[in-house]
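Below you'll find the structure, written out as structure tokens, and then a few comments.
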Amino acid sequence: MQDTLSIIKPDGVRKKIVGKILKRFEDNGFEIINPRYINLSKEEASEFYNIHKGKPFFDDLIIFMTSGPCLPFIIRGENAILRVRELMGSTDPDEAAPETIRADFADSIDSNVIHGSDSEQSAKREIRFFFG
Ligand code: ATP
Ligand code: MG
């Protein structure tokens with residue numbers, strides 16, 4: 001069993017696909033833990049994505065992540081970190097495999113409906129970030 005951190009981003013909440021996204025994870029055998037809506041401040045979003053500070057898309061990413069409520073939660077299951085990334089699909093929905101969440105629901109690389117931790121180290125850090 002492994003835990004990973006996911007966030008339904010503000011565009012996913014605006015599109016009213018929260019239930020559909022959570023169902024995909026549940027249908028694939030995962031447990032959803034502690035989902036709760038929050039509004040990230042600019043400081044919090046910058047800290048969460050601090051690995052991308054200085055990159056050309058950073059400012060737009062922070063504006064996007066603070067544009068409305070988002071829904072962080074823990075996903076628990078076998079090989080969760082890798083399998084959740086597979087279910088999400090590539091960062092750019094145009095490159096995401098068919099039937100992945102981003103291929104089905106995301107509009108663009110900067111509006112891509114979902115986040116998932118990319119390593120064991122990130123999962124630990126990101127779960128602590130939201131849930132202490
Ligand atoms: P996330 O961390 O949000 O789950 P990811 O791990 O697939 O996404 P990262 O490389 O961590 O991708 O980038 C974080 C976010 O920054 C992406 O989800 C995307 O919205 C944005 N981003 C990344 N690369 C680019 C890019 N080249 N152009 C525009 N936006 C980008
Ligand atoms: Mg990432």
Side-chain angles (χ1 to χ4, degrees):
M1 284 298 182
Q2 193 175 52
D3 285 359
T4 190
L5 189 280
S6 182
I7 308 172
I8 300 181
K9 296 182 180 181
D11 58 334
V13 175
R14 276 192 289 274
K15 287 178 169 198
K16 300 188 168 67
I17 54 172
V18 168
K20 284 183 181 163
I21 292 174
L22 295 181
K23 179 168 162 44
R24 285 205 182 191
F25 293 124
E26 290 188 328
D27 286 349
N28 280 275
F30 291 104
E31 188 182 345
I32 304 296
I33 299 169
N34 282 354
R36 60 186 177 99
Y37 288 101
I38 61 160
N39 288 281
L40 284 172
S41 67
K42 290 214 184 308
E43 292 69 29
E44 289 166 336
S46 301
E47 175 57 26
F48 183 78
Y49 276 120
N50 65 9
I51 196 162
H52 296 305
K53 260 180 201 163
K55 294 185 186 168
F57 57 83
F58 182 75
D59 289 352
D60 286 341
L61 177 61
I62 300 313
I63 290 170
F64 169 66
M65 289 301 292
T66 57
S67 65
C70 65
L71 186 79
F73 54 101
I74 294 165
I75 305 181
R76 180 170 294 165
E78 216 161 290
N79 206 9
I81 296 171
L82 189 69
R83 285 180 58 218
V84 164
R85 296 278 294 186
E86 287 171 357
L87 290 169
M88 286 165 43
S90 298
T91 311
D92 183 349
D94 290 340
E95 289 168 15
E99 293 177 29
T100 58
I101 293 168
R102 282 168 167 165
D104 287 347
F105 300 121
D107 291 331
S108 66
I109 191 169
D110 21 47
S111 186
N112 60 10
V113 303
I114 187 127
H115 163 82
S117 310
D118 61 9
S119 66
E120 266 185 59
Q121 195 190 342
S122 315
K124 275 212 184 75
R125 170 187 171 272
E126 294 175 1
I127 289 169
R128 199 177 310 125
F129 182 90
F130 284 108
F131 299 102

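Numbering of ligands and ligand atoms starts at 1, following listing order. Since the structure is predicted, the reported quantities are computational estimates derived from the model, not experimental observations. Along the sequence shown, residues carry numbers from 1.
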Ile81 backbone acceptor or donor facing Gln2 side chain under 3.5 Å
yes
Check: Gly116 main-chain N/O paired with Arg85 side-chain donor or acceptor under 3.5 Å
yes
Indicate if Leu5 and Val113 have the same hydrophobic cluster label, given that clusters are the connected sets of ILVMFWY residues with side-chain heavy-atom separations under 4.5 angstrom.
no
Using the side chain to side chain contact (heavy atoms under 4.5 Å, CB included) rule, take Glu86 and Thr100 through it: C-alpha gap first, then chi angles, then the decisive distance, then the call.
CA-CA 7 Å; Glu86 287 171 357; Thr100 58; over 6 Å; no
Which protein residues have a heavy atom closer than 4.0 Å to any atom of ligand 1, listed by chain and number?
Lys9, Tyr49, His52, Phe57, Leu61, Arg85, Thr91, Arg102, Ile109, Asp110, Asn112, His115, Gly116
For Ser117, the option from Glu126, Arg125, Lys124 that meets side-chain hydrogen bond (donor to acceptor under 3.5 Å, both in side chains)
Glu126
Ile101: which of Asn112, Ile21, Val84 passes side-chain contact (heavy atoms from CB on, under 4.5 Å)
Ile21
